[in-house]
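Sequence lines set the chain letters: A, B, ... in the order given, protein chains first and strands last, and positions in each chain run from 1. Note that the structure is predicted; figures quoted are calculated from it, not measured.
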There are 2 protein chains.
Amino acid sequence: MKDSILERVKQLFTDYLKEHGQRRTPERYAILAEIYSLDQHFDVESLFTRMLGLGHNVSRATVYNTLELLLECRLITKHQFGKNLSQYEKSFEYKQHDHLLCEDCERVVEFCDPRIQQIQSMMGDILQFNITHHALTLYGRCSLLAKGEHCTHYQEKRSLLK
Amino acid sequence: MKDSILERVKQLFTDYLKEHGQRRTPERYAILAEIYSLDQHFDVESLFTRMLGLGHNVSRATVYNTLELLLECRLITKHQFGKNLSQYEKSFEYKQHDHLLCEDCERVVEFCDPRIQQIQSMMGDILQFNITHHALTLYGRCSLLAKGEHCTHYQEKRSLLK
DNA sequence: ATACCTGCAAAAGCTTTGCACAAGG
DNA sequence: CCTTGTGCAAAGCTTTTGCAGGTAT
């Protein structure tokens, strides 16, 4: 099933590259495959490191280049969660969704609410804009925590950092 | 009336600085005053340049330091509109609001919809988070524009750049 | 008087760019 | 072949940090 999604995504990427006179290089497909093997958000550096770890001798420049192409054909989406660091996630066959961030452990939870689409189209009408997309992020902390306490994911996070 | 707001804001800043054992320096008040004279979003570099233009010999470091303090006492808010550049705006007595961005001319329109608060508190309940704030940004282009056309604000924008 | 703050400049972190070589079409 | 893509390294930009001197309290 996973493979089937990967195959379909590769096909879409191929179509896009052909249509836009871009070359189908092994690096680009390797990056696409790696992204679709992940189930979390990622940043450029972690993807780059991961590629090296897998034995692919790609450069950061190629990673950035490929991410740009994947954004253009909507196979990934890009987020800025309030920091100067771009986060990405695969987006094929994923419902449009929004994010809730724990500012303690930086865990990201996804959610969906139809009212956001309503707001989007209503505001488009009122303000005379063709709205193409939106980004809603809720910021908070896991409930039940006293001030100074950390949520259960905090320690995991700490151990991940360096 | 404007002065009255500035005075109240200065007072709040003074209170905050005293409470937190921070010094009340002329640089900090000059930056606060300049921010509250603006009616638009701004980034650090434009604020810095503006301060120099007004004859205040402040450094970038001080601007960053002061913005941090003003964020802490909620006299300004910070946004990342999908780019690696922080944007700020004054926030005293401004209703919580969200933003609509024209991707053609980069104009920012503010709007307000009560449903967002509802979503925020509902998601907080469901996902067990204490949600402190949110950021919703709608991205689009002024309506009625054909592909390739630019909206009326585009030329203004072009002339501002460089 | 003495912490803390400031200005300056260097460093850090993410992203973009330039160039010579490699490789897709 | 010829053009585009890649790897590498340098440069760009925004933001952070270190330090010597200045200033609020």
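Atoms CZ (A:F48) and C1' (D:dC8) sit 10 Å apart, rounded to a whole Å. When the P atom of D:dT15 is taken as reference, atom CG of B:D43 falls 8 Å away, rounded to whole Å.
The ring pair (Phe, Tyr, Trp, His ring centres under 6.0 Å) check on A:Y29 picks up A:F13, with sequence neighbours excluded. For A:Y64, there are no ring pair (Phe, Tyr, Trp, His ring centres under 6.0 Å) partners, not counting sequence neighbours. Looking at residues two or more places apart in sequence or on another chain, you find a ring pair (Phe, Tyr, Trp, His ring centres under 6.0 Å) between B:H79 and B:H41, B:F81, B:H99.
Contacts of residues 18-29 of chain B with DNA chain C (heavy atom under 4.0 Å): B:Q22, B:R23, B:T25, B:E27, B:R28. Annotation: proximity of residues 64-80 of chain A to DNA chain D (heavy atom, distance under 4.0 Å) is found for A:N65, numbered in ascending order.
A donor atom on one side chain and an acceptor atom on the other are found under 3.5 Å apart for B:D43 and B:S46.
Between A:I76 and A:S91 the shortest heavy-atom distance is N-OG, 3.3 Å. What you find for A:F48 and A:S59 is that their closest heavy atoms are CE1-C, 3.7 Å.
Judged purely by atom type and a 3.5 angstrom limit, A:R28 uses its side chain to pair as donor or acceptor with the backbone of A:R23.
When DNA chain C is scanned in the 5' to 3' direction for atoms under 4.0 Å from non-hydrogen atoms of chain A, the outermost contacting nucleotides are C:dC14 to C:dG25.
Note that CG of A:L127 is 8.5 Å distant from CG of B:L138, once rounded to the nearest 0.5 Å.
Within the 4.5 Å cutoff, the side chain of B:M122 has no heavy atoms near those of the B:D125 side chain. Side-chain contact between A:K83 and B:Q80 is absent, with no heavy atoms from C-beta onward closer than 4.5 Å.
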